[in-house]
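Excluded from the calculations below are hydrogen atoms, water molecules and symmetry mates; all remaining heavy atoms, backbone and side chain alike, are included.
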Amino acid sequence: QVQLVESGGGSVESGGSLRLSCAASGYIYSSSCMAWFRQAPGKEREGVAGVGRNGRTAYAKSVMGRFTISQDNPKNTLYLQMNSLKPEDTAMYYCAAQRMCGAYGAMLLRALTYDDWGQGTQVTVSS
């Protein structure tokens with residue numbers, strides 16, 4: 001059974017850092033795409049960072065240079081290192097995954113690419 005469990009959210013001041021983790025079960029990383037999305041109150045869910053089956057990554061312009069997505073395959077864990085956090089980064093962050101995935105580039109940041117989703121972890125950045 002596929003399961004994605006996020007952790008690592010919390011409250012930080014502007015300029016601070018957090019690292020989100022997503023523990024994945026039932027996935028074969030070599031054929032999967034995975035990504036982080038976020039949704040703030042009253043806004044649509046947006047793709048933040050994604051990684052394709054070939055390891056290539058994609059980032060939203062708003063987080064480029066500040067956030068880094070990575071995988072630890074032996075541990076079946078996806079990470080999102082978030083540095084230089086801003087109040088506008090405040091949102092619920094979700095892990096998403098898709099097996100047998102051929103997406104790349106901007107497709108990695110589209111919610112329709114993914115069938116499996118975690119429950120989310122809240123990130124709050126105060127000014």
Side-chain angles (χ1 to χ4, degrees):
Q1 184 176 357
V2 171
Q3 189 174 21
L4 302 172
V5 180
E6 302 98 334
S7 62
S11 297
V12 296
E13 293 185 351
S14 181
S17 298
L18 284 173
R19 189 176 79 157
L20 305 183
S21 299
C22 172
S25 61
Y27 270 86
I28 301 173
Y29 274 92
S30 61
S31 64
S32 301
C33 299
M34 298 193 74
W36 288 96
F37 286 75
R38 67 186 180 187
Q39 187 167 18
K43 295 187 177 181
E44 293 186 357
R45 188 169 296 192
E46 65 169 337
V48 173
V51 54
R53 60 189 298 171
N54 58 4
R56 298 188 71 172
T57 57
Y59 293 91
K61 290 182 179 179
S62 60
V63 306
M64 205 170 293
R66 300 188 297 123
F67 290 11
T68 303
I69 189 171
S70 62
Q71 293 175 316
D72 185 345
N73 288 354
K75 296 183 179 180
N76 283 358
T77 304
L78 181 74
Y79 300 101
L80 184 68
Q81 178 66 44
M82 304 186 296
N83 299 327
S84 302
L85 283 161
K86 304 175 181 180
E88 51 264 43
D89 294 319
T90 295
M92 185 71 78
Y93 283 71
Y94 298 91
C95 174
Q98 177 63 39
R99 288 182 285 186
M100 303 303 292
C101 174
Y104 60 92
M107 290 189 290
L108 293 171
L109 303 181
R110 295 176 187 165
L112 291 176
T113 297
Y114 303 93
D115 285 341
D116 298 305
W117 294 81
Q119 294 300 306
T121 185
Q122 178 68 36
V123 171
T124 303
V125 185
S126 59
S127 56

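Membership of the apolar cluster around Phe37 extends to Met92, Tyr94, Leu108, Tyr114, Trp117, as traced through chained side-chain contacts below 4.5 Å between ILVMFWY residues. Cluster note: Met107 groups with Tyr104 through ILVMFWY side-chain heavy atoms spaced under 4.5 Å, whether in direct contact or through intervening members. Hydrophobic clustering, defined by side-chain heavy atoms of Ile, Leu, Val, Met, Phe, Trp and Tyr closer than 4.5 Å, leaves Leu112 isolated from every other such residue.
Pairs engaging residues 7-16 under the side-chain hydrogen bond (donor to acceptor under 3.5 Å, both in side chains) rule: none recorded [sequence neighbours left out]. A salt bridge (Lys or Arg N to Asp or Glu O under 4.0 Å) check over residues 45-64, counting only residues at least two apart or in different chains, returns the pairs Arg38-Glu46. Each disulfide (SG to SG under 2.5 Å) pair with one or both residues in residues 54-88, not counting sequence neighbours, would appear here, but there are none.
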Side-chain donor-acceptor distances from residues 118-126 under 3.5 Å, at least two apart:
| residue | atom | partner | partner atom | Å |
| --- | --- | --- | --- | --- |
| Thr121 | OG1 | Gly9 | N | 3.1 |
| Gln122 | NE2 | Ala91 | O | 3.4 |
| Gln122 | NE2 | Thr124 | OG1 | 3.4 |
| Ser126 | OG | Val12 | O | 3.4 |

Which side-chain N or O atoms in residues 16-23 pair as donor and acceptor under 3.5 Å with protein atoms at least two apart or in another chain?
| residue | atom | partner | partner atom | Å |
| --- | --- | --- | --- | --- |
| Ser17 | OG | Asn83 | OD1 | 2.9 |

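In this structure, CG on Leu80 lies 12.0 Å from CE on Met34, to the nearest 0.5 angstrom. In this structure, SG in Cys33 is found 11.0 Å from CG in Asp115, a value given to the nearest 0.5 Å. How far SG of Cys95 is from CG of Leu78: 5.0 Å, rounded to the nearest 0.5 Å.
Under the 4.5 Å side-chain criterion, counting only non-hydrogen atoms from C-beta, Gln71 is in contact with Val51. Arg66 places none of its side-chain heavy atoms less than 4.5 Å from the side chain of Tyr59.
By the side chain to side chain contact (heavy atoms under 4.5 Å, CB included) test, Ser70 is found to be paired with Tyr79, residues two or more places apart in sequence or in another chain being considered. Under the rule for a salt bridge (charged side-chain N to carboxylate O under 4.0 Å, His left out), Asp116 has no partner lying at least two apart in sequence or in another chain.
Considering all non-hydrogen atoms of both residues, Ile69 and Ala35 come closest at CD1-CA, 4.2 Å.
Of the possible donor and acceptor atoms, none in the side chain of Gln3 sits under 3.5 Å from a partner among the backbone N and O of Ser25.
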